[in-house]
Structures are given as C-alpha cells and as structure tokens.
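See below for the structure under consideration.
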Amino acid sequence: QVQLVESGGGTVQAGGSLRLSCTASYRILSSSVMGWFRRAPGKEREFVALIRWHSGTTLYADSVKGRFAISKVNAENTVYLQMNALKVEDTAVYYCAVGSQYSNSPSDYRTWGQGTQVTVAS
C-alpha cells in the first residue's frame, strides 16, 4: 500500500524554525511532483510549496516565499520542508502529497500523508 509519512512537526516560538520530512514507502517516479500543503483551523487546505522530482524545480506560495525551502533526496524517496522565520499564521496541519502535474491545486495530487501539526506560539 502506497504511503507517505510526515514527521518533524511540533510547537515553536514565532521566529523559530522547523524542518518537516515526508518519506514515501515506494520509489517516487521521476515524472512526479511532490507538494506540501497546509490546513489551518477553519480554513481550506492551501498550497505551500512543490518540487519536481526529476529536475528539482520548485514553486512557493507567496506567503512563505523567502522563509520556507523545499528539497528532496531522491535515493531516500524523501522530501523536506525547511521552515524559517515562522509566524503565528503558519500554524496548521501540514501535509505532503504526490502528483503528476506541476500544480498548486490539491485536487491534482493523488496520494496524501496523514499530516503533521505545526504550532507557532507568539
């Protein structure tokens, strides 16, 4: 069964950093795109960042550009999200997902992890 497992969430003070990881239980195809999304309480799931598995091309939401960095280790089937200068409004459950399109729409991603909670305290 295909699985994505996230880890690295927690509680941090505003201005702090966290690194999330997401490991797939299978070899990620080179044509795939890995994305990070988040859902804050009472809000819709929103795009955070994505990376093309083959080329490493990245895309970020404006709200995290310059603060977050997505990266990957192909041999480990793992994608990371380094989050710096965290803000209270970054508090959310963070999900990784795999899809086949270079897209910031959750509907274009077919496999999702269970999510990891990130809480940023003021």
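Interatomic distance, CD of Gln101 versus OG of Ser31, reported as 11.0 Å (0.5 Å rounding). Here Ile70 contributes atom CD1 and Cys96 contributes atom SG; the two are 9.5 Å apart, rounded to the nearest 0.5 Å. A distance of 8.5 Å separates CZ of Phe68 from CG of Asn84, quoted to the nearest 0.5 Å. To the nearest 0.5 Å, the span separating NE2 on His54 from CG on Leu29 amounts to 13.0 Å. Atom CD in Glu6 sits 11.0 Å away from atom CG in Leu81 (nearest 0.5 Å). Distance check: Thr119 OG1 to Gln13 CD gives 11.5 Å after rounding to the nearest 0.5 Å.
Residue pairs meeting the side-chain hydrogen bond (donor to acceptor under 3.5 Å, both in side chains) criterion with at least one partner in residues 87-96, sequence neighbours excluded, are Arg38-Asp90, Arg38-Tyr94, Arg67-Asp90.
Judged purely by distance below 3.5 Å, without hydrogens or angles, the side chains of Ser103 and Ser105 never pair a donor atom with an acceptor atom. With 3.5 Å as the limit, one finds no donor-acceptor pair spanning the side chains of Ser21 and Thr78. Side chains of Glu76 and Asn74: a donor-acceptor N/O pair is absent below 3.5 angstrom, by distance only.
Shortest non-hydrogen contact noted between Val48 and Val64 is O-CG2, 3.5 Å. Among all heavy-atom pairs drawn from Arg110 and Ser32, the shortest one is NH2-OG, 4.2 Å. Annotation for Ser122 and Val88: closest pair CB-CG2, 3.8 Å, computed over non-hydrogen atoms. Between Tyr60 and Ala49, the closest heavy-atom pair is CD2-CB, 3.6 Å.
Relative to the six-membered ring of Phe37, Arg45 misses at least one condition, a distance below 6.0 Å or an angle of at most 45° to the axis.
Under a hydrophobic-cluster definition in which Ile, Leu, Val, Met, Phe, Trp and Tyr are linked whenever side-chain heavy atoms come within less than 4.5 Å, directly or via other members, Leu86 and Phe47 are assigned to different clusters. With hydrophobic clusters built from ILVMFWY side chains whose heavy atoms lie under 4.5 angstrom apart, Tyr109 shares a cluster with Val93. Note: the hydrophobic cluster containing Val33 does not contain Tyr80 (ILVMFWY, side chain heavy atoms under 4.5 Å, direct or indirect links).
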_Is there a side-chain contact (heavy atoms from CB on, under 4.5 Å) between Trp36 and Val79? Walk through the geometry before answering._
CA-CA 9 Å; Trp36 284 99; Val79 62; 3.9 Å; yes
_Checking Trp112 against Val98 for the side-chain contact (heavy atoms from CB on, under 4.5 Å) test, could you report, in this order, the C-alpha distance in whole Å, the side-chain angles of both residues, the deciding distance, and whether it holds?_
CA-CA 7 Å; Trp112 292 80; Val98 62; over 6 Å; no
_For a side-chain contact (heavy atoms from CB on, under 4.5 Å) check, start with the C-alpha distance between Gln82 and Ser17, then their side-chain angles and the critical distance, and finish with the verdict._
CA-CA 7 Å; Gln82 177 67 43; Ser17 299; 3.9 Å; yes
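Taking 4.5 Å as the limit, some side-chain heavy atom of Leu50 sits within range of a side-chain heavy atom of Tyr102.
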